[in-house]
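We use all heavy atoms of the structure for the numbers below, so side chains are in, but hydrogens, waters and symmetry mates are not. The sequence lines fix the lettering, A, B, ..., with proteins before strands; numbering per chain opens at 1.
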There are 2 protein chains.
Amino acid sequence: MTTERTPPPTPADRPIKERSVAFEDLTARARIREAALEHFARDGYDRTTIRAIAKTAGVSPGLLRHHYGSKEDLREACDHYVFEMIHRANAEILSDPGAAAEVQETSKPFGRYVARSLADDSPTVGPIFDELVTMTEAWLTRADDSRPDTPTVDRRVRAALVTAMKIGIPLLHEHVSRALGTDMFGPDGERLVALALLDIYSHALIGQDVAAVAAAGYNEAQHQYRRRAIP
Amino acid sequence: MTTERTPPPTPADRPIKERSVAFEDLTARARIREAALEHFARDGYDRTTIRAIAKTAGVSPGLLRHHYGSKEDLREACDHYVFEMIHRANAEILSDPGAAAEVQETSKPFGRYVARSLADDSPTVGPIFDELVTMTEAWLTRADDSRPDTPTVDRRVRAALVTAMKIGIPLLHEHVSRALGTDMFGPDGERLVALALLDIYSHALIGQDVAAVAAAGYNEAQHQYRRRAIP
DNA sequence: TGGTTGATTATGCGTCTGTATAGTCTGGGA
DNA sequence: TCCCAGACTATACAGACGCATAATCAACCA
């Protein structure tokens with residue numbers, strides 16, 4: 001396994017598209033990883049082809065195999081990379097206990113990738129979800145402290161649901177953007193989403209009396225048919 | 001394009017599956033649709049093969065093409081079918097204004113299919129999402145009435161986000177179930193999710209003072225780098 | 001200078017998938 | 001009885017994809 005080396009003075013690393021932001025004088029290995037992250041996040045694992053990643057990275061499909069063993073290995077490499085990046089980001093967030101950073105967690109650059117991977121059942125991103133749940137759990141602890149009543153449901157269960165809900169937003173970004181009238185990953189959309197989430201999170205969506213009635217009535221409701229499962 | 005015809009000799013192509021467990025004496029055409037719904041919901045559109053659907057339905061791949069034109073046409077047929085079913089379900093829900101039915105909307109049988117289709121960017125399910133947003137919007141209207149303050153963000157924007165959040169739960173059912181310790185589509189899990197959602201929805205997750213500070217601080221925050229986009 | 005190593009490419013192979021086509025079987029009307 | 005429409009199957013074809021291999025090229029070291 002080669003490390004992130006600086007390429008030899010290869011001058012012809014340049015046929016690529018990128019100029020504006022960041023660096024395009026990256027290692028081919030790094031370019032492949034970046035291209036894979038974008039493609040996996042945008043198109044999903046299945047729809048993404050090795051050839052497409054290679055084309056975006058400006059290399060041949062064979063080189064991809066040379067650096068990463070297979071398509072699945074490349075996915076795992078991306079997963080581990082993102083896992084590290086999230087760890088790093090979490091450390092920064094913990095030092096700055098602002099709520100905004102936490103709220104828009106899933107709107108970050110890696111959010112799209114994580115969301116896609118979780119929905120695609122990537123075998124190695126389970127721990128990422130669990131860690132996000134743990135983060136939400138710690139956050140819920142503070143919320144529970146300022147609650148008059150006692151929560152009736154285990155905190156981790158609620159944390160898992162809140163986490164899944166947060167991830168649902170970038171997952172359905174296309175439809176959300178359509179409802180917003182602007183790209184939710186664009187500057188305006190990102191701000192709009194953050195402000196809306198702050199409003200949503202800071203208010204109860206249903207009355208506690210209604211919830212109590214519904215919860216009581218739920219336990220005795222025998223409803224809806226079941227569909228057969230695929231053998 | 002043939003419609004849902006009644007097969008000549010077959011005893012019944014009855015409105016099907018309404019009662020308890022559906023039967024296997026369905027039209028081949030109906031069996032194909034049922035199998036496709038399950039496969040698409042469980043494996044996603046791309047991972048699902050025509051041959052797999054045919055095998056589950058107990059027919060040959062050719063018959064699938066005979067009834068539905070192509071794989072994409074089959075998907076559209078499923079979308080329209082689910083769209084009708086949701087319409088029908090909505091009518092029932094509106095007559096029974098219980099909150100529980102609304103909360104567990106995405107836990108219904110078709111929820112998995114809708115969630116998958118939305119995440120898979122199915123071209124014909126956009127209207128379904130928009131309708132769910134409208135439902136949520138109507139629901140938010142009642143919530144806003146019992147709010148002391150005035151919402152700062154457009155109601156439809158908040159409705160879209162809440163809708164996406166709700167759909168995120170069945171989408172990440174695998175990870176949610178792992179955190180729950182039981183299958184969230186099973187009897188226990190379904191009840192647990194419903195009760196947890198009632199608890200979550202009936203309480204603010206962050207304080208309004210915190211939210212105000214965060215919202216104020218957000219507009220002047222210049223944070224995080226941007227990643228390049230694929231051309 | 002010569003040779004080894006690693007980055008990189010070109011090319012081909014086997015498989016899977018969607019699609020197309022031709023053929024088979026069955027029931028019901030004339 | 002004939003026969004044909006429609007449900008259904010078997011098989012084949014073309015393309016795409018992941019994967020593998022061999023060849024080429026540049027740099028570094030003895």
Side-chain angles (χ1 to χ4, degrees), chain A residues 1-16 24-36 39-40 42-78 120 122-123, chain B residues 1-13 24-36 39-40 42-79 120 122-123:
Chain A
M1 186 77 75
T2 51
T3 59
E4 202 91 328
R5 96 183 71 241
T6 65
T10 9
D13 252 354
R14 215 45 73 92
I16 339 289
E24 204 32 290
D25 35 28
L26 288 172
T27 308
R29 182 181 166 86
R31 287 206 310 273
I32 292 172
R33 169 173 39 76
E34 294 294 309
H39 274 283
F40 287 158
R42 199 189 57 178
D43 307 324
Y45 180 77
D46 297 311
R47 267 192 282 263
T48 298
T49 68
I50 284 185
R51 289 169 174 84
I53 296 175
K55 185 177 181 182
T56 299
V59 300
S60 72
L63 186 62
L64 193 147
R65 169 172 167 74
H66 172 70
H67 283 295
Y68 308 86
S70 66
K71 187 184 180 186
E72 185 60 35
D73 288 339
L74 174 59
R75 194 232 289 259
E76 288 188 18
C78 289
D120 284 351
S122 171
Chain B
M1 194 66 73
T2 52
T3 58
E4 199 92 331
R5 93 182 72 242
T6 66
T10 7
D13 182 25
E24 214 43 298
D25 42 21
L26 291 171
T27 308
R29 182 181 167 87
R31 285 206 312 272
I32 292 172
R33 168 171 41 74
E34 294 294 309
H39 274 282
F40 286 158
R42 198 190 58 179
D43 307 325
Y45 181 78
D46 296 311
R47 268 192 281 264
T48 298
T49 68
I50 283 186
R51 287 169 175 82
I53 296 175
K55 185 177 181 181
T56 300
V59 300
S60 73
L63 186 62
L64 193 148
R65 168 172 168 75
H66 172 71
H67 283 295
Y68 307 88
S70 66
K71 187 183 180 185
E72 185 60 34
D73 288 340
L74 174 59
R75 194 230 290 255
E76 288 188 16
C78 290
D79 286 351
D120 284 351
S122 172

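- Atom NZ of A/Lys71 has more than 12 heavy atoms from other residues, nucleotides or ligands within 6.0 Å.
- Put simply, CG on A/Asp73 is 14 Å from P on D/dG18, counting in whole angstrom units.
- Rounded to an integer number of Å, the gap from A/Asp43 CG to D/dC17 P is 12 Å.
- Computed from coordinates, the B/Lys55 NZ to D/dC8 C1' distance equals 19 Å when rounded to whole Å.
- Looking at every heavy atom in both residues, B/Asp46 comes nearest to A/Arg47 through OD2-NH1, 2.9 Å.
- Remark: A/Arg65 engages no residue in a side-chain hydrogen bond (donor to acceptor under 3.5 Å, both in side chains) (not counting sequence neighbours).
- Here A/His67 reaches the OP1 or OP2 of C/dT8: one of its side-chain N or O atoms lies under 4.0 Å away.
- Side chain of B/Tyr45 to main chain of B/Glu72: a donor-acceptor pair is present (N/O by atom type, distance under 3.5 Å, no hydrogens or angles).
- Residues passing the side-chain hydrogen bond (donor to acceptor under 3.5 Å, both in side chains) test with B/Ser70, sequence neighbours excluded: B/Asp73.
- A salt bridge is absent between A/Glu34 and A/Arg31; no separation between the charged side-chain nitrogens and carboxylate oxygens falls under 4.0 Å.
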Under a 4.0 Å heavy-atom criterion, the protein footprint on nucleotides 13-20 of chain C, written with B, S and -, is ----BBBB

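- Contact annotation: A/His66 side-chain N/O to C/dT8 OP1/OP2 distance is not under 4.0 Å.
- With rounding to whole Å, A/Ile53 atom CD1 is found 11 Å from D/dC19 atom P.
- Taking atom CG of residue A/Leu63 and atom P of nucleotide D/dC19, one finds them 16 Å apart after rounding to whole Å.
- Side-chain atoms of A/Ser60 lie closest to C/dT9 of the nucleotides C/dT9, C/dA7, D/dT9.
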